[in-house]
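Accompanying notes for the structure given below.
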Amino acid sequence: MGQIQIIVEGMTASGKSTVVNLLAERLGFKIMPEEFRDSLDLLSRFHHDNRWAFPMQLNFLVKRFAQYLCASEENDYIMDRSIFGDKVYAMLYYRQGYFKDSQLGCYLTLYDSLLRYVKNPRLLVLVRCPFDEIMRRIHSRGRQDEIDAGVAYWKSLYDAYMPFLDFVKSEMPGDLNYIELDLSDPAFIHTPSMIDAFINDVKKYFPERQ
C-alpha cells in the first residue's frame, strides 16, 4: 500500500475544503474529497433523529477507508478528512448516548481492524477556527440540516476536536508530521502573503514539489 501525501482535518466549516483546494492548485495534488452524502441520506436522517448515528458512522468509516485505499495507489493525493476524524464523531455520539455499548464495540472493532492498514500521511494539516466564526460560516452557507443541528451540537463537536493532534499521535506509530493552520481570519484566502507563508511551510515536507 502506498502513502497518502496530505490529510486535511478539522471540524465542519473550519475551512478544510478551502485548504484542500488551495494545496491542489498550488502544488499539483489530486483531491480525494470528503463524501458526506449517500443514497440513504443518513446524514440528513441523523440531524432529525439521532438513532441514525450508528449506521451513519459505520457508513462513513467504511467509505473513508475505501477512499484511503484508492488514494494510496499513487503518491499524489490529498484527503479531505480521514478515519481519525470519523472516530472523533463516533466517540462524541457515544458520550451523548446516541450509541449503545454494543454498537460502540462493533464500531471500534472495525476501526481497529482497518487502522492496521493505514500508514501515517506524509503531512497532516489540522485547520483551527474559533467557534463563533464556525457558526457564522454554517449559517452563511445555508445548509438547512447543519443549521437545524443547533448551536449545542456544534459546540460539543468543537470541544471534541480540540485534542485532535494528541489523539492522532496516540493512534499512529512513529513520528507524525503536522501543521496547525489558524483560519480565524476570513481574509486568509484573499491575502497572498498569508497563502504564500502557508504554502512554503507545506513545501518543506515535499521538496520534490518546489
Side-chain angles (χ1 to χ4, degrees), residues 1-36 60-61 63-92 111-130 134 157-185 188-189 191-210:
M1 182 183 295
Q3 185 180 32
I4 300 298
Q5 301 302 286
I6 302 177
I7 288 174
V8 180
E9 269 285 3
M11 74 165 284
T12 302
S14 60
K16 288 188 298 84
S17 296
T18 295
V19 173
V20 167
N21 291 330
L22 176 62
L23 290 171
E25 178 184 344
R26 294 288 295 268
L27 298 179
F29 288 108
K30 298 177 183 177
I31 297 174
M32 185 62 70
E34 178 184 10
E35 294 287 346
F36 58 90
F60 282 156
L61 178 61
K63 185 177 294 184
R64 209 82 66 207
F65 181 70
Q67 287 185 301
Y68 187 96
L69 287 180
C70 291
S72 66
E73 290 181 350
E74 52 183 292
N75 295 325
D76 207 29
Y77 272 96
I78 301 176
M79 282 197 74
D80 188 339
R81 205 182 290 287
S82 67
I83 67 171
F84 305 112
D86 288 331
K87 187 176 179 181
V88 170
Y89 281 81
M91 296 307 297
L92 171 64
Y111 174 89
D112 290 340
S113 297
L114 298 179
L115 194 63
R116 292 181 298 162
Y117 300 97
V118 175
K119 295 181 180 179
N120 285 7
R122 285 183 67 181
L123 179 66
L124 169 69
V125 177
L126 178 59
V127 181
R128 301 283 195 187
C129 187
I134 283 175
L157 180 60
Y158 182 84
D159 292 341
Y161 253 102
M162 290 303 292
F164 185 79
L165 270 180
D166 289 337
F167 160 66
V168 176
K169 290 176 183 178
S170 70
E171 297 284 280
M172 299 299 290
D175 294 331
L176 176 69
N177 295 324
Y178 66 89
I179 293 173
E180 290 188 85
L181 178 63
D182 180 3
L183 282 191
S184 56
D185 187 350
F188 170 85
I189 197 61
T191 308
S193 61
M194 292 183 180
I195 293 175
D196 288 343
F198 169 60
I199 293 296
N200 288 334
D201 285 343
V202 172
K203 283 182 176 180
K204 296 174 185 176
Y205 298 95
F206 300 91
E208 73 277 12
R209 293 180 182 265
Q210 296 296 331

Would you say CG of Asp175 has more than 12 non-hydrogen atoms from neighbouring residues, nucleotides or ligands within 6.0 angstrom?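 For Asp175, atom CG is not crowded (no more than 12 foreign heavy atoms under 6.0 Å).
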Within 6.0 angstrom of Tyr178 OH, more than 12 heavy atoms from elsewhere: no
Can you name the nearest heavy-atom pair linking [X] to [Y], along with the distance?
X      : Y      : result
Leu176 : Val168 : CD2-CG1, 3.7 Å
Arg122 : Pro207 : NH2-CD, 4.3 Å
Arg209 : Asn75  : NH2-O, 4.1 Å
Ser184 : Pro130 : CB-CD, 3.2 Å
Ile4   : Ala71  : CD1-CB, 3.3 Å

Measuring from [X]:[atom1] to [Y]:[atom2], what's the distance to the nearest 0.5 Å?
X      : Y      : atom1 : atom2 : answer
Lys119 : Tyr68  : NZ    : OH    : 7.5 Å
Met172 : Leu115 : CE    : CG    : 5.5 Å
Phe188 : Thr18  : CZ    : OG1   : 9.0 Å
Ser82  : Phe65  : OG    : CZ    : 12.5 Å
Leu181 : Phe198 : CG    : CZ    : 5.0 Å
Leu126 : Ile7   : CG    : CD1   : 11.5 Å

Might you work through the side-chain contact (heavy atoms from CB on, under 4.5 Å) test for Thr12 and Ile134, ending with a clear yes or no? CA-CA 8 Å; Thr12 302; Ile134 283 175; over 6 Å; no
Answer yes or no: is there a donor N or O on one side and an acceptor on the other, between the side chain of Gln3 and the main chain of Ser72, under 3.5 Å? no
Under-4.0 Å salt bridge between Lys16 and Glu9: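 Between Glu9 and Lys16 there is no salt bridge, as every charged N stays at least 4.0 Å from the carboxylate O atoms.
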Does the pair Asp80/Arg64 count as a salt bridge with the N-to-O cut at 4.0 Å? no
Derivation and outcome, side-chain contact (heavy atoms from CB on, under 4.5 Å), residues Tyr77 and Ile31: CA-CA 6 Å; Tyr77 272 96; Ile31 297 174; 5.9 Å; no
Close side-chain approach of [X] and [Y], heavy atoms under 4.5 Å:
X      : Y      : value
Leu157 : Tyr89  : yes
Leu123 : Ile179 : yes
Ile78  : Gln5   : no
Leu165 : Leu124 : yes
Val19  : Leu23  : yes
Gln67  : Met79  : yes

Under the side-chain hydrogen bond (donor to acceptor under 3.5 Å, both in side chains) test, residues paired with Glu180 that sit two or more places apart: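 Glu180 satisfies side-chain hydrogen bond (donor to acceptor under 3.5 Å, both in side chains) with Arg128 once adjacent residues are dropped.
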Sequence neighbours excluded, which residues qualify as ring pair (Phe, Tyr, Trp, His ring centres under 6.0 Å) partners of Phe206?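 For Phe206 the ring pair (Phe, Tyr, Trp, His ring centres under 6.0 Å) partners, ignoring immediate neighbours, are Phe29.
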Begin with the C-alpha distance, continue with both residues' side-chain angles, and end with the deciding distance and a verdict on side-chain contact (heavy atoms from CB on, under 4.5 Å) for Phe60 and Arg81. CA-CA 11 Å; Phe60 282 156; Arg81 205 182 290 287; over 6 Å; no
Residue among Leu183, Ile199, Asp185 satisfying side-chain contact (heavy atoms from CB on, under 4.5 Å) with Met194: Asp185
Pairs satisfying salt bridge (Lys or Arg N to Asp or Glu O under 4.0 Å), at least one member in residues 20-30, at least two apart: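 Salt bridge (Lys or Arg N to Asp or Glu O under 4.0 Å) check on residues 20-30 returns Arg26-Asp196, Lys30-Glu74.
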Can you check side-chain contact (heavy atoms from CB on, under 4.5 Å) on Ile6 and Val202, steps first, answer last? CA-CA 10 Å; Ile6 302 177; Val202 172; 4.1 Å; yes
